[in-house]
Amino acid sequence: MKKLIFSIMLIAAGVVSLTASTPAYLDESRPVDDRIEDILSRLTTREKVAMLHAQSKFSSAGVPRLGIPSFWTTDGPHGIRPEVLWDEWEQAGWTNDSCVAFPALTCLAASWNPEIALLYGTSIGEEARYRGKDILLGPGVNIYRTPLNGRNFEYMGEDPYLASIMVVPYIKGVQSNGVAACVKHYALNNHEVNRHTTNAIVDDRTLYEIYLPAFKAAVMDGGAWSIMGSYNLYKDQHACHNKFLLNDILKGEWGFDGVVVSDWGGTHDTPEAIANGLDMEFGSWTNGLSNGKSNAYDNYYLADPYLDLIGEGKVGTKELDDKVRRILRLAFRTTLDRNRPHGSLCSPEHIAAARRIGEEGIVLLKNTRGVLPIDPERVGKVVVVGENAVKMMTVGGGSSSLKVKYELSPLDGIRNRLAGKADVVYVRGYVGDPSGEYNGVVTGQNLKDDRSAEELIAEAVREASDADCVIFIGGLNKSAHQDCEDSDREGLELPYGQDDVIRALAKANPNLVVINISGNAVAMPWAGDVAAILQGWYLGTEAGNSIAAVLTGDVNPSGKLPMTFPAKLDDVAVHKLGLYPGTPRGDGSKTVDCNYDEGIFVGYRWAEKNDIKPLFPFGHGLSYTDFKYGKAKVDKSTLTHEGKVTVTVPVTNVGAREGSEVVQLYIADIKSSVPRPLKELKGFRKVRLAPSETAEVSFEITPEALSYFDADTHSWVCEPGAFEALVGSSSADIRGKVRFSYDDSVASR
Ligand code: BGC
């Protein structure tokens, strides 16, 4: 206060002039664009180039001379990654860098609840902010094209509409903390094998209808402040400096005003990176070029090589200024925003959020004879079998691996919930991957067990035979080839002989519940032999509580599959057509061409076109109550080009428990001049209903929902004619249909 009065006195006395001493870029009353230009005018070329690339594994330089801070990035997308050393992947060894692990993004997508996505984004954004991070490397929205993709667990499923709706609130939540979301991996990074050398060959219609919509929504509706280029190539150009994806589509068509960040090591060429829209380069390998240099980062493509080209007059500074403007804009949105919140870490609210997201995303795939929910008052002996009942799942999987404050295992969650009620016995059943380490973060669990498969099965069967209920908890585990970055799965089957364990248990006890922990569909040849199946995803810190709540009915399951569970691999387009993982070009280059010949027929679009019955269809998920759909109605029979029609359907909870239903709207084009899917998701609403309660669920349909992308005219086309709105509980459980037509000659009123 004294200081302030003194300053005012000095100003009044004319000793100090405010305007002369306050640089324009610090004057908060000025428009941000002016402040950016002011900074730009003060920077040397060297300072500008220094802002374009990493200075450590996860940070980039600011401008120390002007007080512009460095940017700190972090993985993402399920929790805040532990600190690594400045210039090494090894752990920094901090003791205050643990976090809450939120459920994987597949689980979020399975909630079909945008409010949950907002809760997720806000919570993880708060954790990022508290940990001093400015850019969160997530969310991921690459479309689920094959169940073998090792990174599907980091994405939001197979449907562009579902992913588009779910990604937006996540981004808004993150960014409400003054932390940028960095949407990844843009684009066409749909499997991990050969991820640096795969050249995606996709027609424009497929690109615009299937692989771009979630990115477009992230940018245009979510207002994402940054986006990460992917490792693969498209049209023979790396996606991180790809003219088509970055200049033409992202920055051109979508008007993106944020920062394009390379994936770590995804930059390969200086002139392309300069010209084709890359703004910041991270994680490039320096291939020994660092010898004799004090700072290996000077060798980055957007570092000294860029300065050299400018110095030699081979490139100008127009692109440089554009990149720096974007980076400064990002700074004003994050590091230079003095009003951004301070965040919070491992708070009770975040733990509750993690639990709630898990509870909303768990999917009840099958439930016969009312085996679920388990009534804690009526079970005497519960046998839990399987490695995933005890294995920590937050460590592993690649860059999304976390160091958690704690992780409650499914077994502990079940034990806690049934304490004092039932006798819970645990047996191993199978040995999968007993190790628990990623980049130096160790789970500390010793899961080694040298017994043979026969011995383990015999023990499980012995315990199961007199149990009231048997819960098998298995699936994948984020080890290499089991849902893990940089490797794909090698088949659809469950690993480690789990099918044998499940079959033996099913014979021993009819009350067998299988909980599959994975981010991918798995084959379930025993599905007909078990009483109940739950899809558990990777549930993070509160895994045990979320699972126990659903098992016992404290929470009525309401998740729906965000991807098709095929009965066999051959039922998936890319495998049936032999497109995976592509064909080496064989011209001496390392390029592997991957044709997306299935076109727009991905997931349920392929299954329905070819009349393939999946194991569990897209959008499927049961509840402990039942919902009855009344007659669907449409408010008018004709949609005009600027108008909308509203479809309404009454949905009633006809069971005895409160529960939530995801009412899904699909659109079918009855007659089209181009091939179209039998139907496509174009709306959904999650409604919570008390017993006997009815909700009138309505959807507004605009021409956008009826359109296809016409590559010739490079525009969305809505053809006049008849359409059908289908309302249902899953893609395969349609409860009502109404017809309407589209007439583009009628002016709207
Ligand atoms: C991954 C990114 C990740 C980055 C930084 C890359 O290998 O593909 O998703 O954000 O590493 O860890």
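As the structure lists them, so they are numbered: ligands from 1, and atoms in each ligand from 1. Not measured: the values here are computed from a predicted model. Along the sequence shown, residues are numbered consecutively beginning with 1.
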J.: Between Lys184 and Asp75, is there a side-chain N and carboxylate O pair less than 4.0 Å apart?
T.: yes
J.: Is Glu154 near ligand 1, meaning one of its heavy atoms is under 4.0 Å from it?
T.: no
J.: Is any side-chain heavy atom of Ser284 closer than 4.5 Å to one of Tyr301?
T.: yes
J.: Any atoms of ligand 1 less than 4.0 Å from a non-hydrogen atom of Lys184? List them with their elements.
T.: 2 (C), 3 (C), 9 (O), 10 (O)
J.: Give the atom numbers and elements of ligand 1 that come within less than 4.0 Å of a heavy atom of His185.
T.: 2 (C), 8 (O), 9 (O)
J.: If the cut-off is 4.0 Å to any non-hydrogen atom of Leu137, which atoms of ligand 1 fall inside it?
T.: 10 (O)
J.: Treating Glu192 as the side-chain partner and Asp486 as the backbone partner, does any N or O pair qualify as donor plus acceptor under 3.5 Å?
T.: yes
J.: Decide if atom OH of Tyr130 counts as having more than 12 heavy atoms of other residues, nucleotides or ligands within a radius under 6.0 Å.
T.: no
J.: Assess whether atom CH2 of Trp86 is packed by more than 12 heavy atoms of other residues, nucleotides or ligands within 6.0 Å.
T.: yes
J.: To which protein heavy atom is atom 10 (O) of ligand 1 closest, and what is the distance rounded to 0.1 Å?
T.: Asp75 OD1, 2.5 Å
J.: So, His268 and Tyr231: side-chain donor and acceptor under 3.5 Å apart, yes or no?
T.: no
J.: Show which atoms of ligand 1 fall inside a sub-4.0 Å distance from at least one heavy-atom site of Met228.
T.: 10 (O)
J.: One residue to check: His196. Relative to ligand 1, which of side chain, backbone, both or neither has a non-hydrogen atom less than 4.0 Å away?
T.: neither
J.: Counting only nitrogen or oxygen atoms and a 3.5 angstrom limit, does Arg81 reach ligand 1?
T.: yes
J.: Picking from Trp537, Tyr120, Tyr170, Tyr538, what satisfies ring pair (Phe, Tyr, Trp, His ring centres under 6.0 Å) with Phe102?
T.: Tyr120
J.: Taking C-beta and beyond as the side chain, do Thr74 and Leu137 meet within less than 4.5 Å on heavy atoms?
T.: no
J.: I want to know if ligand 1 touches Trp264 in the polar sense, i.e. an N/O pair below 3.5 angstrom.
T.: no
J.: For Asp483 and Asn477, indicate whether the former's side chain and the latter's backbone hold a donor-acceptor pair under 3.5 Å.
T.: no
J.: Would you mind running through ligand 1 and noting each atom that sits below 4.0 Å from a heavy atom of Phe58?
T.: 5 (C), 12 (O)
J.: Side chain, backbone, both or neither: which applies to Arg151 and ligand 1 if a contact is any heavy-atom pair less than 4.0 Å apart?
T.: side chain
J.: Output the list of atoms in ligand 1 that are nearer than 4.0 Å to some heavy atom of Arg195, sorted by atom number.
T.: 7 (O), 8 (O)
J.: Who's the nearest protein heavy-atom neighbour of atom 4 (C) of ligand 1, and how far?
T.: Asp263 OD1, 3.5 Å
J.: Are Phe282 and ligand 1 in contact, using a heavy-atom cut-off of under 4.0 Å?
T.: no
